[in-house]
Amino acid sequence: MVRNTLSKAYPARQLKANPKEAYFMRQEIVKSDVTVIGGGLAGISAAIAAARLGQKVALVHNRSVLGGNSSSEVRVWVCGATGHGVNRYARETGIMGELFIQNQYRNPEGNPYLWDLTLLEAVKAEPNLTLFLNTDVREVEADGELDNRIIRSVNGWMMGSEREITFESEVFLDCTGDGLVGFLAGAAYRIGREARDEFGEDWAPEVADDITLGSTLLFYTKDVGKPVRFVAPAFAKDITTTSIPLKRVIRSGDSGCHYWWIEWGGELDTVHENERIRDELWSVIYGIWDFIKNSGRFEAENMTLEWVGSIPGKREFRRFLGDTILTQNDVISQVPFEDRIAFGGWSIDLHPPQGVYATESGSKHLHADGIYHIPFGSLYSRNVSNLLFAGRNVSASHVAFGTTRVMATCAVMGEAAGVGAALSVIKGVTPRELREKHLNELQQTMLRTDASVIGLHNTDSSDLARKGTVMSSSTMTGILLDRASEEYALKSDVGFIFPAEDGFAGLSLLVTSLKETSLTIELWDTGRAENYVPANCRQELQVYVGTGEKQWIDVPADATRFAGESCNVFVIVRANEEVSLYKSDTPLSGVLAFERGVKPVVSSDLEDHQPDQPVIEWSMKRLVRQPFCFAVETSAYSAAKVVDGYVRPFGGPHLWVSEPLVEGREEWVEVSLPRTADVQDIHITFNDDVNEDLINLHHHETPFLIIPELVMSYELQAYTNGDWITVASDCHNRTRKKIHTLENAVKTDRIRIVVKETNGGNRAEVVEVRIYE
């Protein structure tokens with residue numbers, strides 16, 4: 001057995017006050033099923049996921065607060081698959097989704113300390129999870145040959161408590177970011193950029209090198225209402241002698257993460273030269289603030305520094321090697337891996353190695369046509385049999401890492417790694433054997449917990465609802481958006497999406513026309529079911545429009561062009577300056593609106609996005625929750641959707657939607673079971689509009705504390721002894737996934753969810769119902 005260590009244990013010493021008593025450092029052994037090292041969002045999600053599956057989990061973190069780069073110590077906001085509104089229906093669900101929703105309600109202003117609290121409370125809520133803060137793991141005991149290592153334990157030093165703790169478990173997860181545990185265990189890894197020809201990545205350099213993305217320090221400012229002086233320290237950089245003012249956007253009122261580009265160290269060793277990188281970034285921050293305060297170019301007289309970071313937010317170091325290495329081509333092609341267990345959607349986002357001093361754009365972005373899939377084979381070591389990992393150290397090329405590194409994506413990978421770890425312990429297998437022999441159980445377990453997986457559906461044989469029949473009080477059978485809020489001049493091409501089932505017999509548009517003209521309207525499919533961009537034109541129409549205000553025009557589509565399909569239809573209305581459409585004052589699940597060719601709000605000096613990429617060319621950012629007024633018949637919202645197996649939009653919204661709520665009339669959806677059963681557990685997934693882009697800090701704020709479509713008040717009823725009885729209820733719901741475990745099983749053949757009230761939406765909406773004995 002080999003013990004790899006970075007330092008030696010402190011020796012015992014004699015207490016001067018009483019030389020007869022020796023003082024020894026406290027040494028402990030903590031035995032658990034799963035040990036997670038690293039308390040960033042990946043580690044938090046992994047630990048919670050494993051604990052919820054009944055495993056005893058130790059979560060070990062070397063800082064005093066959870067959250068890693070998202071914590072109050074570093075303050076990077078949490079980005080994910082939505083890409084701040086670039087991708088559609090892409091917000092993460094599962095554990096990361098719970099954290100987003102909780103923070104939105106409790107912390108809409110984005111206070112970083114309240115975000116810390118949200119994370120701490122989520123971890124402390126799990127009875128199977130024990131948290132060890134301020135505990136730095138620097139020793140790993142592992143043995144075996146190089147190609148078949150196994151970790152026996154890891155050893156940590158709890159700072160401030162003088163406790164040396166040995167953590168023993170069956171499975172270990174390295175969520176440290178830098179990959180220290182895997183490194184000490186002998187796990188295969190890479191640092192730097194691969195050569196272009198290794199994976200055929202056109203964004204890779206021609207020759208491999210050791211360059212990584214740099215680290216960032218952030219700062220906060222505030223207006224104190226009176227003049228404030230600033231005297232720069234001697235080490236502050238004179239940024240007027242650098243390229244910084246020429247190629248970066250500097251404004252006096254920007255908040256924290258707008259200065260993500262204060263980055264440096266990509267050409268250095270970002271771990272071993274961490275102190276040097278921090279000092280350089282401090283000199284840049286104080287230099288920028290001196291420029292803002294004392295150059296006379298900004299309105300900053302009353303502003304002062306509120307906070308300056310002291311811990312560099314690292315982007316990249318080690319990337320472990322798993323059985324699969326995710327590449328640029330996998331991301332851009334959206335490869336639907338057989339072992340997919342998570343998704344991402346942030347662009348491939350690479351920064352120049354010179355960081356803040358680069359004379360090129362601060363970042364360049366390559367987008368897929370929608371979300372991409374992440375395989376389980378990228379989350380465990382190819383040569384350490386009981387090691388999984390999640391976060392920025394997963395098995396990916398440098399180019400693919402440019403998208404997987406963002407924190408919400410790290411979190412969903414963490415949840416998958418945590419589920420994988422728990423199932424590996426339960427079954428007594430390695431993560432590789434889990435993938436080879438129990439992949440379906442892994443994926444189905446994740447779907448059952450509402451994890452962020454796209455394109456897979458429920459095949460759980462123990463779910464009684466799957467074989468049941470469904471009926472409802474009412475169902476929305478057609479889309480009618482006729483309440484206009486604002487006229488929209490058709491100066492450029494626009495588009496909108498709606499779900500269709502087995503074709504549709506045309507649609508209608510609400511328009512105003514200044515004179516007789518014709519509109520060019522095209523009907524497109526979206527290609528992949530997870531995409532929301534036009535892919536293939538199915539039909540092009542020329543529609544006559546007469547002179548008049550707020551008139552409905554018919555678009556006589558050929559129903560056979562989409563016959564036999566359940567899909568999203570992308571309608572393109574070509575520009576015509578004589579015509580206006582209308583925005584609807586009411587949003588509708590499954591319906592999105594787009595503008596073509598909208599200019600980005602961020603300077604190209606900071607972010608270089610390719611405008612011809614479809615998700616950039618067709619933007620929904622200015623039309624979120626503002627569809628155009630139109631009408632079409634569709635059966636995409638039927639009650640049967642609650643048992644069709646899908647819990648996320650995929651070629652349609654996959655949810656039941658009622659007719660508008662009316663006072664005095666109950667809306668309900670009911671599942672009739674194939675047999676009478678002793679029902680113990682009922683799972684309900686409500687719609688919380690995963691198209692809405694949420695954030696943890698201050699990038700933006702939603703106009704509501706709770707997603708309006710989310711059901712607030714409901715009763716869960718069972719039919720027994722010839723009558724409906726209420727077996728559970730909630731009058732203040734604000735979460736998407738609800739699991740009701742009944743104290744006493746109820747014998748029934750019918751379960752009904754009665755919706756009393758939403759959080760603002762005007763219809764009852766339910767995504768999924770599961771029923772278990």
Verify ring-ring contact (aromatic ring centres under 6.0 Å, His included) between Tyr488 and Phe628, making sure each step is shown before the conclusion. CA-CA 9 Å; Tyr488 183 96; Phe628 296 115; 5.2 Å; yes

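- The distance between the ring centers of His457 and Tyr646 falls below 6.0 angstrom.
- A centroid separation of less than 6.0 Å is found between the aromatic rings of His84 and Trp346.
- Looking at Leu41 and Met96, their side chains come closer than 4.5 Å, going by heavy atoms from C-beta outward.
- The 12-atom threshold is exceeded at CZ of Arg106, counting heavy atoms of other residues, nucleotides or ligands nearer than 6.0 Å.
- For the residue pair Ser580 and Glu487, a side-chain donor N or O sits within less than 3.5 Å of a side-chain acceptor on the partner.
- Side chain to side chain, Asn103 and Asn696 fail the donor-acceptor criterion of an N or O pair below 3.5 Å.
- Of the possible polar contacts, none joining the Glu522 side chain to the Val573 backbone as a donor-acceptor pair under 3.5 Å is found.
- Between the side chain of Arg538 and the main chain of Leu523, no donor-acceptor pair closer than 3.5 Å is present.
- Between Arg448 and Asp463, no side-chain nitrogen of the basic residue sits less than 4.0 Å from a carboxylate oxygen of the acidic one, so the salt-bridge criterion is not met.
- Residues Asp554 and Ser508 have side chains that bring a donor and an acceptor to within less than 3.5 angstrom of each other.
- Checked by atom type, the side-chain pair Thr82/Asn87 shows no donor-acceptor distance below 3.5 Å.
- Annotation for Tyr105: atom OH does not count as buried by contact number, only 12 or fewer foreign heavy atoms lying within 6.0 Å.
- Checking each of Leu623, Leu581, Val571 against Phe496 for a side-chain contact (heavy atoms from CB on, under 4.5 Å) leaves exactly one that passes, namely Val571.
- With a 6.0 Å radius and a threshold of 12 heavy atoms from other residues, nucleotides or ligands, Gln551 has its CD atom above the threshold.
- Side-chain atoms of Thr547 come within 3.5 Å of backbone N or O of Glu516 as a donor-acceptor pair.
- Ser619 places no side-chain N or O within 3.5 Å of a backbone atom of Val615 that could act as its donor or acceptor partner.
- Using cut-offs of 30° and 60° for the angle between ring planes, the Trp260 and His351 rings count as tilted.
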Apply side chain to side chain contact (heavy atoms under 4.5 Å, CB included) to the pair Asp730 and His732, showing each step before the final yes or no. CA-CA 6 Å; Asp730 192 341; His732 302 285; 4.2 Å; yes

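- Annotation: salt bridge (charged side-chain N to carboxylate O under 4.0 Å, His left out) contacts of Asp502 (sequence neighbours excluded): none.
- The closest side-chain donor-acceptor pair between Lys738 and His683, if any, does not fall under 3.5 angstrom.
- Remark: the Ser485 side chain and the Gln626 side chain contain no N/O donor-acceptor pair separated by less than 3.5 Å.
- The aromatic rings of Phe630 and Phe498 sit tilted, their planes meeting at an angle between 30° and 60°.
- Taking the six-membered ring where the residue is Trp, the centroids of Tyr714 and Phe686 are separated by under 6.0 Å.
- By the 4.0 Å N-to-carboxylate-O rule, Glu595 lies close enough to Arg622 to be salt-bridged with it.
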Using the side chain to side chain contact (heavy atoms under 4.5 Å, CB included) rule, take Phe504 and Val569 through it: C-alpha gap first, then chi angles, then the decisive distance, then the call. CA-CA 10 Å; Phe504 57 98; Val569 178; 3.7 Å; yes

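- Donor-acceptor pairing under 3.5 Å is recorded for the side chains of Arg734 and Gln102.
- Using modelled atom types, no side-chain atom of Arg574 and backbone atom of Ser492 make a donor-acceptor pair closer than 3.5 Å.
- Closest non-hydrogen pair, Pro375 versus Leu326, comes out as CD-CD1, 3.9 Å.
- Residue-environment remark: CD (Glu549) stays at or below the threshold of 12 foreign heavy atoms within 6.0 Å.
- Side-chain polar atoms of Asn111 and Asn107 form no donor-acceptor pair below 3.5 angstrom.
- Side-chain contact between Asp689 and Glu709: present, with at least one pair of heavy atoms (C-beta onward) separated by less than 4.5 Å.
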Yes or no on side chain to side chain contact (heavy atoms under 4.5 Å, CB included) for Val671 and Thr469, after CA distance, side-chain angles and deciding distance? CA-CA 6 Å; Val671 181; Thr469 57; over 6 Å; no

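- Between Arg736 and Asp450 there is a salt bridge, since at least one side-chain N of the basic residue sits less than 4.0 Å from a carboxylate O of the acidic one.
- Aromatic rings from Phe594 and Tyr532 are positioned such that their centres are separated by 6.0 Å or more.
- Classification of Glu486 and Lys583 as a salt-bridged pair holds, one side-chain N sitting under 4.0 Å from a carboxylate O.
- Ion pair Arg648/Glu530 not flagged as a salt bridge, since none of the NZ, NE, NH1 or NH2 atoms sits closer than 4.0 Å to an Asp/Glu carboxylate oxygen.
- Between Thr520 and Leu541 there is no side-chain heavy-atom pair separated by less than 4.5 Å.
- Aromatic rings of Phe343 and Tyr372 (six-membered ring for Trp) have centroids beyond the 6.0 Å cut-off, not under it.
- Formation of a donor-acceptor pair under 3.5 Å by the Thr449 side chain with backbone atoms of Met446 is found in this model.
- Between the side chains of Ser635 and Ser638, no donor N or O sits under 3.5 Å from an acceptor N or O.
- Using a cut-off of 4.0 Å between Lys/Arg side-chain N and Asp/Glu carboxylate O, Glu765 and Lys641 are scored as not salt-bridged.
- Minimum interatomic distance between Asn568 and Gly652 (heavy atoms only, all atoms of both residues): ND2-N, 3.5 Å.
- Using bins of under 30°, 30° to 60° and over 60° for the plane-to-plane angle, the ring pair Tyr259/Trp261 lands in the tilted bin.
- In this structure a side-chain-to-backbone donor-acceptor pair under 3.5 Å is present from Asp525 to Asn536.
- Judged by distance alone, the side chains of Ser473 and Glu667 do bring a donor and an acceptor atom under 3.5 Å apart.
- Without hydrogens or angle criteria, Arg770 side chain to Ala465 main chain gives no donor-acceptor distance under 3.5 Å.
- Formation of a donor-acceptor pair under 3.5 Å by the Gln328 side chain with backbone atoms of Trp203 is found in this model.
- Side-chain contact annotation: Tyr637 with Thr477, donor-acceptor N/O pair under 3.5 Å absent.
- Put simply, the side chain of Asn458 does not reach to within 4.5 Å of the side chain of Asp644, judged on heavy atoms.
- In this structure, Asp688 pairs ionically with Arg91, as a charged nitrogen and a carboxylate oxygen lie closer than 4.0 Å.
- In terms of modelled atom types and a separation under 3.5 Å, the side chain of Gln104 and the main chain of Phe704 share a donor-acceptor contact.
- Under 3.5 Å, the side chains of Thr560 and Asp558 contain a donor-acceptor pair of N or O atoms.
- In this structure, Lys756 forms no cation-pi arrangement with Trp668, as its terminal cationic atom is not both closer than 6.0 Å to the ring centre and no more than 45° off the ring axis.
- Taking the six-membered ring where the residue is Trp, the centroids of Trp77 and His700 are separated by 6.0 Å or more.
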